Amino acid sequence: MYNLLFARSTGGTFILRIEDTDVERSREELSAQILAAMEWLGLDFDEGPFYQSKRTDLYRAAAEKLLAEGKAYRAFEKPEELDVERKAAEAAGKAYRYSGAGRDISPDESERRARAGERHVVRLKMPAETIVVEDLVRGRVEFLPEALDDFVLVRSDGHPLYHFCVCVDDADMRITHVLRGDDHLANTPKHVALFAALGTPVPQFAHLGMILGTDKKKLSKRHGAAAVEEWRDVGILPETLFNFLALLGWSPGDDREILTRAEMETLFSIDRIGASPSVFDPEKLLWMNAQYIHQLPAEELLARSAPFATAGLPPTPVALAAVELHRTRVRTTIEMGRALAAYAADPDEYDADGMKKQVKPETAAQMAKLVENLEAVSDWTIGPLEEALRRTAEELGVSAGKLIHPTRLALTGITVGAPLFDVMALLGKETAMRRLRSFEKRIGSQG
RNA sequence: GGCCCCUUCGUCUAACGGUUAGGACACAGCCCUCUCAAGGCUGUAAUACGGGUUCGAUUCCCGUAGGGGCUACCA
């Protein structure tokens, strides 16, 4: 998202690259899921997607070049040997580093052994000097040479590795800015060294704080595309999620929180990115989604809620009025769908607590009286309906509430929701009377 | 273990040496009200700790603590 916003705010190009170099873990459906999530969120890229798995020739050529120039070398240790060294270092309480033994093999011998088919990896010759990373959000970060070792560029099966592909691609695609998770800061000196070896300019880096779960732990399992789909499925609008996520780590500088895409695209700037990690608060996401639901035109809100409603309603005047009636009462399009369902079908059950609380022994008789009076109402609109109900209450010598609450229960199956007379008017006389009679029957038989 | 990053209300954040430390979510109260919301008003609540530097530190430096990351023939 920040890469997109940055590109848009500066007139740059937003390129999508799928880094699927790990043949064991990469799967077609995973990238498809990412693409779908990006489309839903509105992360429209200008170029790509480019799949690293399809660009192996490029990496192979780069590796050959580094080898030829003596900036990289072949190493012939077996993984098991390295494991032993690593375990030994660990047991001794020391930091493990690759011995660098491969550096001492002469180019001729290296060439000969490779041609003979001996398995080997390609490692980068890390320079024996401090590597400085100039980070746009963290400032200057230094890495001492003893902390870095000659990492592997190409596996012994010939597959190029992530760090290598990234730098080759960044150079090839002329990437100017890399905005990525904080977790990559420690990898950046590798990249800087690689760019130097490749003889290409080093892009600018901006390392972003990670997003944490409510437990303050790094968001796991439910991250990335899967999480985006989860929020979509509970009725969060994509523009809400975009807005919310944009504010996790960035702020426009004033107190505004509800921002359009266009506003974010012009206001975004790297100097307003914070360095600290942030906790993802679903409560605030829900609040923000409600804000978006308040703003949406009724037709659109209806259309976007319909897939979730038990019965999708056509955009009739009644449906649109129902949307207006409920928009301040729901936080997700799912909830809107549920609220709208009451206008499409009679309640199939009544809220149990509501029945207990609102239905008293005398209620059946009171409701009978109300039904009788409502039957006489010819102008089925809010005013006359309220008048009829209040008159009934007066005749019965009870407060209006004694009738209002059971009526709402009869009409919608629940005790909370939109103002009763609005609901009645929208339902229409026929539907309302049918529901009232069936409720009357139900509580009558209950005794 | 080694290296690196981070640290303002419970949460998201503003304040780029001088503010009664601001806003938002959540929470509480009040108003509105047929219920539930929405909305309005009010309130509780923070500079992790310890040292410096400075006339003055949330802000700059060092240390401690806590959290996170990297340390793969993963990304």
Side-chain angles (χ1 to χ4, degrees), chain A residues 19-26 52 75 77-79 82-83 86 89-98 119-123 133 135 137-139 141-144 146-149 151-163 165-166 181-190 207 209-210 212 214 216-218 244 247-258 271-272 274-288 290-291 294 326-331 354 358 386 389-390 393 399-405 407-409 414-421:
Chain A
E19 299 180 333
D20 56 349
T21 52
D22 186 335
V23 286
E24 279 91 46
R25 291 198 303 170
S26 297
Q52 289 186 327
E77 293 83 3
K78 294 184 173 58
L82 298 177
D83 276 344
R86 215 186 321 270
E90 204 173 303
K94 285 192 191 148
Y96 168 76
R97 291 183 75 222
Y98 170 63
R119 284 180 79 86
H120 63 274
V121 297
V122 177
R123 286 180 183 267
V133 174
D135 189 276
V137 346
R138 273 149 233 276
V141 185
E142 295 188 356
F143 295 87
L144 269 9
E146 50 270 30
L148 281 350
D149 69 0
F151 64 100
V152 177
L153 267 22
V154 182
R155 303 193 344 173
S156 56
D157 62 6
H159 283 110
L161 257 7
Y162 170 76
H163 297 300
C165 300
V166 162
D182 194 14
D183 48 347
H184 276 301
L185 182 57
N187 288 324
T188 307
K190 295 179 187 175
H207 286 92
M210 315 235 79
L212 276 21
T214 315
K216 289 213 167 198
K217 294 270 163 59
K218 184 180 165 187
F244 181 77
L247 261 24
L248 249 35
W250 172 78
S251 76
D254 54 25
D255 286 336
R256 274 186 304 169
E257 292 197 293
I258 305 295
D271 13 283
R272 298 209 57 89
S276 51
S278 42
V279 173
F280 185 104
D281 179 10
E283 272 303 320
K284 187 156 183 174
L285 207 218
L286 248 14
W287 165 80
M288 190 176 279
Q291 299 300 307
H294 293 354
H326 290 279
R327 75 188 320 154
T328 60
R329 271 167 262 266
V330 301
R331 297 197 293 180
Q358 303 301 343
E386 176 156 16
L389 183 136
R390 292 195 186 276
S399 68
K402 285 275 179 293
L403 295 178
I404 287 172
H405 299 305
T407 302
R408 192 198 319 279
L409 190 56
I414 55 177
T415 57
V416 298
L420 179 66
F421 304 110

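Treat the numbers as computed from the prediction; the structure is a model and nothing was measured. Below, read A as the first sequence line, B as the second, and so on, with proteins coming before strands; counting in each chain starts at 1.
In this structure, C32(B) makes no Watson-Crick or G-U wobble pair, since no nucleotide meets both defining distances under 3.5 angstrom. In this structure U47(B) sits in no base pair that meets the Watson-Crick or G-U test at under 3.5 Å. Across all strands shown, the partner of C55(B) is G18(B), judged by Watson-Crick or G-U wobble contacts whose two distances both fall under 3.5 Å. Across all strands shown, U11(B) is found opposite A24(B) as a Watson-Crick or G-U wobble partner, with both distances under 3.5 Å. Using the Watson-Crick or G-U wobble rule with both distances under 3.5 Å, A37(B) pairs with nothing in any strand shown. Both distances falling under 3.5 Å, in either a Watson-Crick or a G-U wobble arrangement, place G66(B) opposite C6(B). Pairing for G1(B) is with U71(B), a Watson-Crick or G-U wobble pair whose two hydrogen-bonding atom distances lie under 3.5 Å.
Here the separation of C12(B) from G51(B), taken at their P atoms, is 28 Å to the nearest Å. Distance check on atom P: A38(B) versus A26(B) gives 8 Å, rounded to whole Å. For the P atoms, the distance linking G10(B) with G18(B) amounts to 24 Å, nearest Å. The gap from the P atom of U8(B) to that of C60(B) amounts to 13 Å, rounded to the nearest Å. Rounded to the nearest Å, the gap between the C1' atom of C34(B) and that of U47(B) is 47 Å. With both ends at atom C1', the span from U7(B) to U13(B) equals 14 Å, rounded to whole Å. When the P atom is compared between G50(B) and C9(B), the two are found 16 Å apart, to the nearest whole Å. Rounded to whole Å, the separation between the C1' atoms of A46(B) and A24(B) comes to 15 Å.
An OP1 or OP2 oxygen of C16(B) is reached within less than 4.0 angstrom by no side-chain nitrogen or oxygen of R272(A). OP1 and OP2 of C34(B) both lie 4.0 Å or more from every side-chain N or O belonging to Q358(A). The phosphate of A14(B) has OP1 or OP2 within less than 4.0 Å of a side-chain N or O from S251(A). One finds a side-chain N or O of R390(A) lying less than 4.0 angstrom from the OP1 or OP2 phosphate oxygen of C34(B). Here R97(A) does not reach the OP1 or OP2 of U71(B): none of its side-chain N or O atoms lies under 4.0 Å away. Between R329(A) and the phosphate of U35(B), there is no side-chain N or O to OP1/OP2 separation shorter than 4.0 Å. For T21(A) and A75(B), the shortest distance from a side-chain N or O to OP1 or OP2 is below 4.0 Å. Contact check, R256(A) against G22(B): no side-chain N or O comes under 4.0 Å of OP1 or OP2.
Closest to the D255(A) side chain, of the nucleotides A37(B), G22(B), C73(B), is G22(B). Closest contact between the side chain of E283(A) and the listed nucleotides G39(B), C70(B), C25(B) involves C25(B). For W287(A), the side-chain atoms get nearest to C25(B) when compared with the rest of G39(B), C25(B), C73(B). When the nucleotides A37(B), C34(B), G2(B) are ranked by their closest atom to the side chain of T328(A), A37(B) comes out on top.
If you take CG on N187(A) and CG on L148(A), they are separated by 10.0 Å, rounding to the nearest 0.5 Å. For the atom pair D20(A) CG and R25(A) CZ, the distance stands at 11.5 Å (nearest 0.5 Å). From I414(A), atom CD1 reaches atom CG of L409(A) across 9.0 Å, with rounding to the nearest 0.5 Å. Here OG of S156(A) is found 11.5 Å from CD of E77(A). Values are rounded to the nearest 0.5 Å. For the atom pair CZ (F421(A)) and CZ (R408(A)), the distance works out to 9.0 Å, reported to the nearest 0.5 Å. If you take CD on Q358(A) and NZ on K402(A), they are separated by 8.0 Å, rounding to the nearest 0.5 Å.
One interatomic measurement links the two molecules: CD of E146(A) to P of C70(B), which rounds to 21 Å at whole-angstrom precision. If you measure from atom CD1 of I258(A) to atom P of C12(B), you get 18 Å, rounded to the nearest angstrom. Going from atom CD of E90(A) over to atom C1' of A72(B) covers 13 Å, rounded to whole Å. In this entry the distance linking NZ of K402(A) with P of U35(B) reads 13 Å, nearest Å. Separating the CE atom of M288(A) from the P atom of C12(B) is a distance of 14 Å, rounded to the nearest angstrom. Atoms CE (M210(A)) and P (G69(B)) sit 8 Å apart, rounded to a whole Å. Between the P atom of C34(B) and the CD1 atom of I414(A) lies a distance of 19 Å, rounded to the nearest Å. Here the C1' atom of nucleotide U13(B) and the CZ atom of F244(A) are 12 Å apart, to the nearest Å.
Between L82(A) and Y96(A) there is a side-chain heavy-atom pair separated by less than 4.5 Å. Taking the side chain as every heavy atom from C-beta outward, H294(A) and T328(A) approach each other to under 4.5 Å. Using a 4.5 Å heavy-atom cutoff, the side chains of Y162(A) and D22(A) are not in contact. At least one side-chain heavy atom of R119(A) sits under 4.5 Å from a side-chain heavy atom of D157(A).
Among the heavy atoms of the strands, none lies under 4.0 Å from R119(A). Residue G209(A) is classed as having no contact, given no heavy-atom separation below 4.0 Å to the nucleic acid. Within 4.0 Å of T407(A), counting heavy atoms only, lies no atom of the nucleic acid at all. If you check every strand for non-hydrogen atoms under 4.0 Å, H294(A) touches sugar and phosphate atoms only. K78(A) comes within contact range of at least one nucleobase, with a heavy-atom separation under 4.0 Å. The residue A290(A) sits apart from the nucleic acid: no heavy atom pair falls under 4.0 Å. G93(A) comes within 4.0 angstrom of sugar-phosphate atoms only, judged by non-hydrogen atoms across all strands, and of no base. Looking at heavy-atom distances under 4.0 Å, H326(A) makes no contact with the nucleic acid at all. Within 4.0 Å (heavy atoms only), S156(A) reaches at least one base atom of the nucleic acid.
Between L247(A) and V23(A), the residue anchored closer to the 5' end of RNA chain B is L247(A), taking for each the nucleotide with the nearest heavy atom.
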A correct 5'-to-3' footprint of nucleotides 4-11 of chain B, with B, S and - meaning base, sugar-phosphate only and no protein heavy atom under 4.0 Å, is SSSS---S
Please tabulate, one pair per line, all N/O donor-acceptor pairs under 3.5 Å involving side-chain atoms of residues 274-286 of chain A, not counting sequence neighbours.
unit_1	atom_1	unit_2	atom_2	d
D281(A)	OD1	E283(A)	N	3.1
E283(A)	OE1	R331(A)	NH1	3.4
K284(A)	NZ	E257(A)	OE2	2.9

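Of the charged side-chain nitrogens involved, at least one lies within less than 4.0 Å of a carboxylate oxygen, so that D182(A) and R138(A) count as a salt-bridged pair.
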